[in-house]
2 protein chains.
Amino acid sequence: MKKPQDAYHHGDLRSSLVEEAVRVIEREGLDAFSLREVARRVGVSPNAAYRHFEDKDALLSAVAAHGLGMLSRRMREAIEAVSVRGAGPRAIANLRATGRAYVAFALAKPELFRVTFGRQASPPGPDQTCTNGEPDPYRVLEGCLDALVEASVISPERRAGAELFAWTTVHGYASLALGGGPLASLEPLEPVLDLVIDGVLGPSATSARKPAAKR
Amino acid sequence: MKKPQDAYHHGDLRSSLVEEAVRVIEREGLDAFSLREVARRVGVSPNAAYRHFEDKDALLSAVAAHGLGMLSRRMREAIEAVSVRGAGPRAIANLRATGRAYVAFALAKPELFRVTFGRQASPPGPDQTCTNGEPDPYRVLEGCLDALVEASVISPERRAGAELFAWTTVHGYASLALGGGPLASLEPLEPVLDLVIDGVLGPSATSARKPAAKR
DNA sequence: TCCCGATGTTGACAGCGTACACATTCCGAG
DNA sequence: CTCGGAATGTGTACGCTGTCAACATCGGGA
């Protein structure tokens with residue numbers, strides 16, 4: 001009576017493989033990840049994976065999609081934790097919350113974050129595919145900015161560049177915090193978020209923001 | 001009579017290995033890179049590399065250092081192309097030029113850029129090691145911001161967060177442009193640079209910037 | 001001159017991704 | 001109920017990889 005699309009012999013391999021792959025990558029690093037290792041841990045033969053993924057790279061892509069879904073969920077949870085009803089400056093707090101959640105996710109699951117965003121080939125379709133039914137993180141950001149427009153905090157035309165700018169800055173902070181550059185031991189996030197919000201809101205509203213939250 | 005530190009049997013292997021590795025990575029992707037492949041192309045046995053690099057990862061780190069040096073050079077060249085004498089708003093143009101050069105490098109050599117910044121382990125020392133005598137890119141940015149302070153365009157305290165913010169935004173743009181996220185087919189850079197400069201200069205000087213350059 | 005250390009080579013091993021052929025299990029048509 | 005094909009998992013094999021140990025070669029200082 002259960003209807004998951006693949007629960008035949010093993011009972012939802014594919015999902016098991018993806019989850020185990022996420023675990024290996026996050027706990028022992030991307031270098032420790034191999035098809036054979038994951039299959040071994042799941043308890044199937046190495047080639048079983050080929051019934052569900054064309055090759056190793058396809059499995060990695062599935063891992064990336066999984067990571068995207070997790071990130072998206074955390075951003076939405078962060079929003080909900082801030083506002084039950086959202087309007088006015090609450091919308092600004094939401095935007096800030098998503099940024100914080102984004103960086104927190106990168107720091108909490110650095111290897112997964114790298115796999116999620118460090119890949120060249122992503123589905124060329126308009127939106128990324130996420131593992132859960134989650135909307136992809138970009139849509140969450142769009143929601144935040146739409147709310148700002150609806151609450152008349154920013155003008156529609158100012159919204160135009162906002163998505164790119166906000167995403168870009170927060171993603172850059174996360175990337176650099178993960179260790180590549182000389183900013184590895186990093187300065188606090190909040191001042192950066194202040195500048196992001198200033199940039200999004202525009203020069204007029206500079207001090208309309210709430211004082212930076214603690215931490 | 002020549003004194004390069006290692007020009008014995010082969011004549012500066014190590015450098016040859018690094019350069020060939022850069023070539024392979026940039027032309028055929030990181031996946032096509034292997035110790036054996038690089039050694040093969042250079043014309044030495046696979047194990048010759050082990051006289052110069054502890055393991056594959058060490059060679060990759062050398063590639064990353066090489067990439068850092070290239071990036072740094074391009075940023076400095078971009079500055080020189082803008083200003084023979086630098087002061088006042090010229091310093092702002094310099095900052096913008098480094099940002100443009102940073103993104104241009106990432107787009108021109110995407111695989112190399114990924115290797116350069118996508119690594120977890122970097123030398124823990126205060127500054128990254130570059131291949132050429134180049135200062136690392138972070139120092140170049142510091143130079144730009146110092147010039148802004150010296151020219152009294154920004155206050156010293158405003159400079160504090162500026163390095164992180166500027167680097168972060170430009171690096172994020174470059175990373176996203178390389179294809180991970182949904183911003184792959186990307187919106188123009190200049191408006192983002194406008195916002196970066198606004199953020200660095202502070203809310204007072206919003207329209208002090210020059211109109212965005214063409215292209 | 002000769003010898004030692006730096007450099008490069010050869011051979012070997014385990015682990016990897018993956019192709020091919022085979023075994024098992026599920027499910028619907030008769 | 002049976003039975004056959006499709007879906008799923010296994011066994012075996014191949015070439016490639018990173019790396020180790022032992023050996024060969026060279027060049028410069030005693």
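Each chain gets a letter, A, B and so on, in the order the sequences are listed, and its residues count up from 1.
Within the structure, every side-chain polar atom (N or O) of A:H52 is placed at least 4.0 Å from both OP1 and OP2 of D:dA7. A close approach under 4.0 Å does not occur between any side-chain nitrogen or oxygen of A:S45 and OP1 or OP2 of D:dG11.
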Letter per nucleotide, 5' to 3', of nucleotides 19-26 of chain D [B base touched, S only sugar-phosphate touched, - untouched; heavy atoms, 4.0 Å]: BBBB--BB
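The side chain of A:S34 sits closest to C:dG17 out of C:dG17, D:dG18, C:dT9.
By the side chain to side chain contact (heavy atoms under 4.5 Å, CB included) test, A:A39 is found to be paired with A:V44, residues two or more places apart in sequence or in another chain being considered. Residues forming a side chain to side chain contact (heavy atoms under 4.5 Å, CB included) with A:F53 (at least two apart in sequence, or on another chain): A:R14, A:L17, A:V18, A:A58, A:L59, A:A62. In this structure A:R23 satisfies the side-chain hydrogen bond (donor to acceptor under 3.5 Å, both in side chains) test together with A:E20, sequence neighbours excluded.
In terms of modelled atom types and a separation under 3.5 Å, the side chain of A:T98 and the main chain of A:L95 share a donor-acceptor contact. Looking only at distances, no side-chain donor or acceptor of B:R41 sits under 3.5 Å from a matching main-chain atom of B:A21.
Across A:H52 and A:L13, no two heavy atoms sit closer than the pair NE2-CB, 3.9 Å. Between A:L35 and A:A49 the shortest heavy-atom distance is CD2-CB, 4.1 Å.
Straight-line distance from the CG atom of A:D12 to the P atom of C:dC26: 16 Å, rounded to whole Å. What separates CG of B:L60 from P of D:dT17 is a distance of 15 Å, to the nearest Å. Following rounding to the nearest Å, B:R40 (CZ) and D:dC16 (P) show an atom-to-atom distance of 8 Å. Separating the CD atom of A:E37 from the C1' atom of C:dA14 is a distance of 14 Å, rounded to the nearest angstrom.
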Output a table of donor-acceptor pairs, distance under 3.5 Å, between side-chain atoms of residues 101-110 of chain A and any protein atom two or more places apart or on a different chain; print 'none' if there are none.
from	atom 1	to	atom 2	distance (Å)
A:Y102	OH	A:H171	ND1	2.7

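Contacts with DNA chain C (heavy atom under 4.0 Å) in residues 17-32 of chain B: none are found.
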